[in-house]
Amino acid sequence: MINEYPSHQEVSKEQLVQTIFDSIANQYDIINNLMSFGLHHAWRKFLINQTELKQGQLVLDVCCGTGSVTFDLAAKVGNNGQVIAVDLSSKMLSIAESKLAQKKLSNIQFIKANALYLPFPENTFDCLTIAYGLRNVANIQLALSELHRVIKPGGKIVSLEMTTPIIPVIKEVYNYYLKSWVPWIGSKIARNRWAYQYLNESIRNFPSSETILHFFDQTGFINTKCFKLCFGIVAVHSGIKP
Ligand SMILES: C[S@@+](CC[C@H](N)C(=O)[O-])C[C@H]1O[C@@H](n2cnc3c(N)ncnc32)[C@H](O)[C@@H]1O
């Protein structure tokens with residue numbers, strides 16, 4: 001079992017994140033279910049509703065992981081639409097690819113790419129989603145400006161992210177859960193405590209929802225909104241590229 005992760009000085013955040021997700025890819029979906037007590041389905045549904053996607057549109061799912069959001073987006077845009085989904089981790093992408101092979105959908109394409117340097121021209125996508133991704137990128141503001149670049153004028157960005165609640169008693173219970181339950185599940189199921197220790201730290205170090213909303217505004221998105229779900233444990237941010 002792996003108990004310690006290398007210090008952030010030793011490896012870049014991108015390498016660290018890639019190593020972490022490669023190492024937990026096989027157990028990612030089941031642990032996600034356990035850690036959120038199944039609530040992630042409802043959070044994902046909220047995200048998909050916020051996209052306001054229509055049949056036939058082109059959407060980019062950034063930090064797609066094993067493709068949970070990607071498959072819902074594909075259903076929303078239909079056979080005449082298309083979803084392109086990118087991630088840094090080859091192992092997460094290979095799980096997504098094997099799910100795709102079973103579903104036999106022809107409107108999804110998975111690509112290995114970095115959210116900070118997307119291999120697409122500007123003004124390409126009608127909509128862009130990023131679920132549990134902003135917390136993992138090396139620089140949130142740079143990532144947002146890269147995401148802004150590839151969205152068409154009038155197109156929408158929707159982000160779903162874990163965050164820290166502000167109500168004191170909920171914050172305390174949640175911090176306890178992050179410090180104890182999350183690494184415990186990581187050690188028992190993924191046999192990888194450090195990956196889930198990283199998860200715990202990444203949530204606790206993530207900027208507040210208000211700061212993220214400010215970053216959306218600063219990047220140039222308009223009509224920006226923030227919805228807090230589950231007592232503020234989850235935040236959904238959205239904005240439009242003018
Ligand atoms: C917590 S998972 C979320 C996966 C998926 N969106 C979901 O809802 O389950 C975060 C994903 O972001 C990916 N990731 C982290 N940094 C990235 C980057 N700079 N570019 C692309 N993908 C990245 C990781 O490899 C990982 O698969």
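Quick note: residue numbers are just sequence positions, from 1. Everything quoted here is computed from the prediction, not taken from an experiment.
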Are [Y] and [X] connected in a single hydrophobic cluster, I mean Ile/Leu/Val/Met/Phe/Trp/Tyr linked by side-chain heavy atoms less than 4.5 Å apart?
X: Ile203; Y: Val169; answer: no
X: Leu128; Y: Ile140; answer: yes
X: Ile84; Y: Leu47; answer: no
X: Met92; Y: Leu116; answer: no
X: Phe227; Y: Ile222; answer: no

Ile31 vs Ile24, test: side chain to side chain contact (heavy atoms under 4.5 Å, CB included). Steps then yes/no. CA-CA 9 Å; Ile31 294 190; Ile24 61 170; over 6 Å; no
Return the [atom1] to [atom2] distance between [X] and [Y], rounded to the nearest 0.5 Å.
X: Leu199; Y: Gln197; atom1: CG; atom2: CD; result: 11.0 Å
X: Leu160; Y: Arg44; atom1: CG; atom2: CZ; result: 9.5 Å
X: Met162; Y: Ser202; atom1: CE; atom2: OG; result: 9.5 Å
X: Thr70; Y: Leu100; atom1: OG1; atom2: CG; result: 9.5 Å
X: Leu53; Y: Asp72; atom1: CG; atom2: CG; result: 11.5 Å
X: Ser159; Y: Arg135; atom1: OG; atom2: CZ; result: 10.0 Å

Does atom [atom1] of [X] have more than 12 heavy-atom neighbours from other groups under 6.0 Å away?
X: Ile166; atom1: CD1; result: no
X: Asp217; atom1: CG; result: yes
X: Ile111; atom1: CD1; result: yes
X: Gln218; atom1: CD; result: yes

Test side chain to side chain contact (heavy atoms under 4.5 Å, CB included) on Tyr132 and Trp43 and set out the steps. CA-CA 11 Å; Tyr132 315 114; Trp43 301 336; 3.5 Å; yes
Got a sec, which residues hit salt bridge (Lys or Arg N to Asp or Glu O under 4.0 Å) with Lys99, two or more places apart in sequence or on another chain? Asp29
Apply salt bridge (Lys or Arg N to Asp or Glu O under 4.0 Å) to Lys152 and list each qualifying residue two or more places apart in sequence or on a separate chain.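 Testing Lys152 for salt bridge (Lys or Arg N to Asp or Glu O under 4.0 Å), a comparison that skips the adjacent residues, returns Asp126.
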Side-chain contact, heavy-atom cut-off 4.5 Å: [X] with [Y]?
X: Pro165; Y: Val173; value: no
X: Val62; Y: Leu147; value: yes
X: Ile240; Y: Phe221; value: no
X: Val86; Y: Asp61; value: no
X: Leu144; Y: Leu134; value: yes
X: Gln109; Y: Val83; value: no
X: Asn175; Y: Lys171; value: yes
X: Phe71; Y: Ile108; value: yes

Measure across [X] and [Y] and return the closest heavy-atom pair with its distance rounded to 0.1 Å.
X: Gln82; Y: Val77; answer: N-CG2, 3.7 Å
X: Val59; Y: Leu73; answer: CG2-CD1, 4.0 Å
X: Pro242; Y: His148; answer: CD-NE2, 4.3 Å
X: Leu88; Y: Gln18; answer: O-NE2, 3.4 Å
X: Val69; Y: Thr129; answer: CG1-OG1, 3.9 Å
X: Ala25; Y: Thr66; answer: O-CG2, 4.4 Å

For side chain to side chain contact (heavy atoms under 4.5 Å, CB included), just list the numbers for Asn123 and Val150, CA-CA rounded to whole Å, side-chain angles, deciding distance to a tenth of an Å, and then say yes or no. CA-CA 5 Å; Asn123 305 332; Val150 299; over 6 Å; no
Output yes when a side-chain donor or acceptor of [X] lies under 3.5 Å from a complementary backbone atom of [Y], and no otherwise.
X: Arg149; Y: Leu118; answer: yes
X: Glu161; Y: Val236; answer: no
X: Asp22; Y: Ser89; answer: no
X: Thr124; Y: Phe120; answer: no
X: Asn107; Y: Gly78; answer: yes
X: Ser180; Y: Tyr176; answer: yes

[X] with [Y]: basic N within carboxylate O range, under 4.0 Å:
X: Glu122; Y: Lys241; answer: no
X: Glu201; Y: Arg204; answer: no
X: Asp87; Y: Lys112; answer: no

Donor + acceptor pair across side chains of Asn33, Tyr28 (<3.5 Å):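 No.
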Check the orientation of His237 and Phe216. Use parallel for under 30°, tilted for 30 to 60°, and perpendicular for over 60°.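 Because their plane-to-plane angle lies in the 30° to 60° range, the rings of His237 and Phe216 count as tilted.
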Parallel, tilted or perpendicular: ring planes of Tyr177 versus Phe37, cut at 30 and 60 degrees: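 Tilted: the ring planes of Tyr177 and Phe37 meet at 30° to 60°.
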List the steps, then state whether side chain to side chain contact (heavy atoms under 4.5 Å, CB included) holds for Ile20 with Val17. CA-CA 5 Å; Ile20 284 174; Val17 162; 5.6 Å; no
